[in-house]
A.B. asks: 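Pasting in a structure now, in C-alpha cells, and then I'll have a few things to ask.
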Amino acid sequence: KNYTGDILNTEMAQEFLSAEGISSDKVIVNDDVAVEDSTYTTGRRGIIGTVFVHHVAGVLSARGLALAELKTQVEGAIARIRSAGVSLSPCTIPSVGKPGFQIADDEMEWFMGIHGEPGIERGKIRPSREIAGRILDRIHADMPFVPGHRYAVIVNGCGGTPLVELYILFHDVAQYLDNKRVEVAK
C-alpha cells in the first residue's frame, strides 16, 4: 500500500531476499480516490483494493508467470482498481494504544484511510443509500463506470459492522451500479 512505512518494510524485505539470492520486485497499490497526497503518502493511499491486488498476484503467480510479466499484469490491475471508505468510529493502532481521532456517536468520517488516518470530511451519519451513492459518485468521477462492463465489489466492515448492515449497503451499491447499467460480477 502506498504508505511510507509499508514501502520501507517492503524494500527491507527485498534486501533480505536479495541477500539470499532470491529475485523480487514490488508494486504499489494506490486505489483510494479520496486523497491524492496526505501526511502519510505521496500520491494516492492504498486501501481495500489491496485485497484484489493480492488475489490477482496470487492467481497469476500460481500460473507460473515470470516475475517481470507478473509485475506488468498486476500493475495493469492496479490501474483499474478504485476504492473509498467511510467510518463510524476511529481505529486504535496497537502501538499507539488510543483512537487516532475522536468522533461523536452521531457522526461519520468520510473517506478515512486504512490505518485510521482521518478522512477529508466529517458529518452526521447518513442513510446507507446516500453513503453508497457518495462513494460511488466519487469513484465514477475518477474512473467512469462503463455500461455493459462487469465489476467486482468489496463492501467491508473491518469486522465492526454487523453483517445485516453490510448486506443493506451492498444492496444500495448494487442498485447504484444497476442504474449505471453495469453488472456486479463478484
A.B. asks: Is there a donor-acceptor pair closer than 3.5 Å between any side-chain N or O of Asp31 and the backbone N or O of Ile47?
C.D. replies: yes

A.B. asks: Taking it one step at a time, do Leu8 and Met12 satisfy side-chain contact (heavy atoms from CB on, under 4.5 Å)?
C.D. replies: CA-CA 6 Å; Leu8 290 173; Met12 191 178 348; 6.0 Å; no

A.B. asks: Answer yes or no: are there more than 12 heavy-atom neighbours, outside Glu20 itself, under 6.0 Å from its atom CD?
C.D. replies: no

A.B. asks: So, for Gly46 and Lys1, which heavy atoms are closest and what is the spacing to 0.1 Å?
C.D. replies: O-CD, 3.6 Å

A.B. asks: Kindly work out whether a path of hydrophobic side-chain contacts (I/L/V/M/F/W/Y, heavy atoms less than 4.5 Å apart) joins Val33 to Leu177.
C.D. replies: yes

A.B. asks: Could you give the distance from CE (Met108) to CE (Met112), rounded to the nearest 0.5 Å?
C.D. replies: 11.5 Å

A.B. asks: Examine Leu169 and Ile139 and state if one hydrophobic cluster contains both, with Ile, Leu, Val, Met, Phe, Trp and Tyr joined whenever side-chain heavy atoms are less than 4.5 Å apart.
C.D. replies: yes

A.B. asks: Any side-chain heavy-atom pair from Arg122 and Ile103 closer than 4.5 angstrom?
C.D. replies: yes

A.B. asks: Is the CG atom of Asp105 crowded by more than 12 outside heavy atoms at less than 6.0 Å?
C.D. replies: no

A.B. asks: Checking Asn9 side chain against Gly5 main chain: does a donor-acceptor pair fall under 3.5 Å?
C.D. replies: yes

A.B. asks: Checking the side chain of Asn2 only, and the main-chain atoms of Ile28 only, is there a donor and an acceptor separated by less than 3.5 Å?
C.D. replies: no

A.B. asks: Under 4.5 Å between any side-chain heavy atoms of Trp110 and Arg126, yes or no?
C.D. replies: yes

A.B. asks: Write down the atom of Ala57, the atom of Leu70, and the distance for their closest heavy-atom approach.
C.D. replies: O-CD1, 3.7 Å

A.B. asks: Is there a path from Val182 to Phe170 through hydrophobic residues (I, L, V, M, F, W, Y) whose side chains come within less than 4.5 Å of each other?
C.D. replies: yes

A.B. asks: For Arg45 and Ala34, which heavy atoms make the closest approach, and how far apart are they?
C.D. replies: NH2-CB, 4.2 Å

A.B. asks: With the 4.5 Å side-chain cut-off for hydrophobic clustering, are Tyr151 and Val56 part of the same group?
C.D. replies: no

A.B. asks: Identify the heavy atoms of Pro90 and Phe101 that sit nearest to each other, and give their distance.
C.D. replies: CG-O, 3.0 Å

A.B. asks: Working to the nearest 0.5 angstrom, can you tell me the gap between Arg82 CZ and His140 NE2?
C.D. replies: 13.0 Å

A.B. asks: When you compare the side chain of Val86 with that of Ile135, does any pair of heavy atoms fall below 4.5 Å?
C.D. replies: yes

A.B. asks: For the side chain of Glu109 and the backbone of Gly119, is there at least one donor-acceptor N/O pair under 3.5 Å apart?
C.D. replies: yes

A.B. asks: Determine, using the 4.5 Å side-chain heavy-atom cutoff (strictly less than), whether Ile48 and Leu166 are members of one ILVMFWY cluster.
C.D. replies: no

A.B. asks: At what distance, to the nearest 0.5 angstrom, does CD of Glu165 lie from CG of Leu88?
C.D. replies: 8.0 Å

A.B. asks: Between CG of Leu17 and OG1 of Thr10, what distance do you get to the nearest 0.5 Å?
C.D. replies: 10.5 Å

A.B. asks: Could you tell me whether the side chain of Glu69 and the main chain of Ala66 form a donor-acceptor pair under 3.5 Å?
C.D. replies: no

A.B. asks: Taking the side chain as every heavy atom from C-beta outward, state whether Lys180 and Leu136 have any atom pair closer than 4.5 Å.
C.D. replies: no

A.B. asks: Going by heavy atoms in the side chains, are Thr92 and Pro99 under 4.5 Å from each other?
C.D. replies: yes

A.B. asks: To the nearest 0.5 Å, what is the distance between CG (Asp106) and NZ (Lys124)?
C.D. replies: 3.5 Å

A.B. asks: Using atom types as modelled and distance alone, determine if a side-chain donor or acceptor of Asn30 lies under 3.5 Å from a backbone N or O of Arg44.
C.D. replies: no

A.B. asks: Check whether any side-chain N or O of Tyr176 sits under 3.5 Å from a backbone N or O of Arg134 as a donor-acceptor pair, and report yes or no.
C.D. replies: no

A.B. asks: Test side-chain contact (heavy atoms from CB on, under 4.5 Å) on Val155 and Tyr167 and set out the steps.
C.D. replies: CA-CA 8 Å; Val155 175; Tyr167 285 143; over 6 Å; no

A.B. asks: Does the side-chain contact (heavy atoms from CB on, under 4.5 Å) test come out yes or no for Phe52 and Ile78, once each step is laid out?
C.D. replies: CA-CA 9 Å; Phe52 285 126; Ile78 290 169; over 6 Å; no

